[in-house]
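Comments concern the structure below.
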Amino acid sequence: MTAEEYYKKGNEYRRTGNWQMALNNYLEAIALDPESPAVHAKAMLDDILNFYHKDYYNP
């Protein structure tokens, strides 16, 4: 598969909420093409997964 195909597949997984598969596909796309838009998509996904809101944990 090409980097573009991995990127598109990652987007499909992200839309369905399968974060791990989306991340795996973005990483494959980045490995094949470091200039891929998957770099931005992975950063966005990392922000989503690492989001911390203190009020959610301290009601």
Side-chain angles (χ1 to χ4, degrees):
M1 288 177 63
T2 66
E4 181 69 21
E5 290 170 330
Y6 277 117
Y7 171 67
K8 288 180 180 179
K9 192 82 164 161
N11 285 341
E12 291 173 22
Y13 282 122
R14 183 181 47 82
R15 279 189 215 104
T16 62
N18 191 339
W19 308 111
Q20 187 60 52
M21 288 301 293
L23 187 60
N24 290 344
N25 279 278
Y26 290 150
L27 289 172
E28 287 291 333
I30 293 167
L32 293 173
D33 179 13
E35 301 295 318
S36 169
V39 173
H40 178 69
K42 181 190 174 296
M44 180 183 65
L45 189 58
D46 286 342
D47 285 344
I48 291 169
L49 295 175
N50 292 323
F51 178 75
Y52 173 78
H53 192 281
K54 67 180 179 100
D55 292 335
Y56 289 158
Y57 298 100
N58 298 311

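In this text, all values refer to a predicted model and were calculated from it rather than measured experimentally.
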> Nearest heavy-atom pair of Glu5 and Met1: which atoms, and what distance?
Replying inline: OE1-CA, 3.1 Å

> Out of curiosity, Lys42 NZ to Asp47 CG, how far, rounded to the nearest 0.5 Å?
Replying inline: 10.0 Å

> What are the two closest non-hydrogen atoms of Leu45 and Leu23, and how far apart are they?
Replying inline: CD2-N, 3.8 Å

>> Return the CE to NZ distance between Met21 and Lys9, rounded to the nearest 0.5 Å.
In response: 7.5 Å

>> On a heavy-atom basis, which atom in Ala22 and which in Gly10 lie closest, and how many Å separate them?
In response: CB-O, 3.4 Å

> So, for Ile30 and Ala38, which heavy atoms are closest and what is the spacing to 0.1 Å?
Replying inline: CD1-O, 3.8 Å

>> Under a 3.5 Å threshold, yes or no: a donor from one side chain and an acceptor from the other, between Asn24 and Gln20?
In response: yes

> Under 4.5 Å between any side-chain heavy atoms of Met44 and Arg14, yes or no?
Replying inline: yes

> In Å and rounded to the nearest 0.5 Å, what is the CG to CG distance from Asn11 to Asn25?
Replying inline: 9.5 Å

> How about Tyr7 and Tyr26: do any of their side-chain heavy atoms sit closer than 4.5 Å?
Replying inline: yes

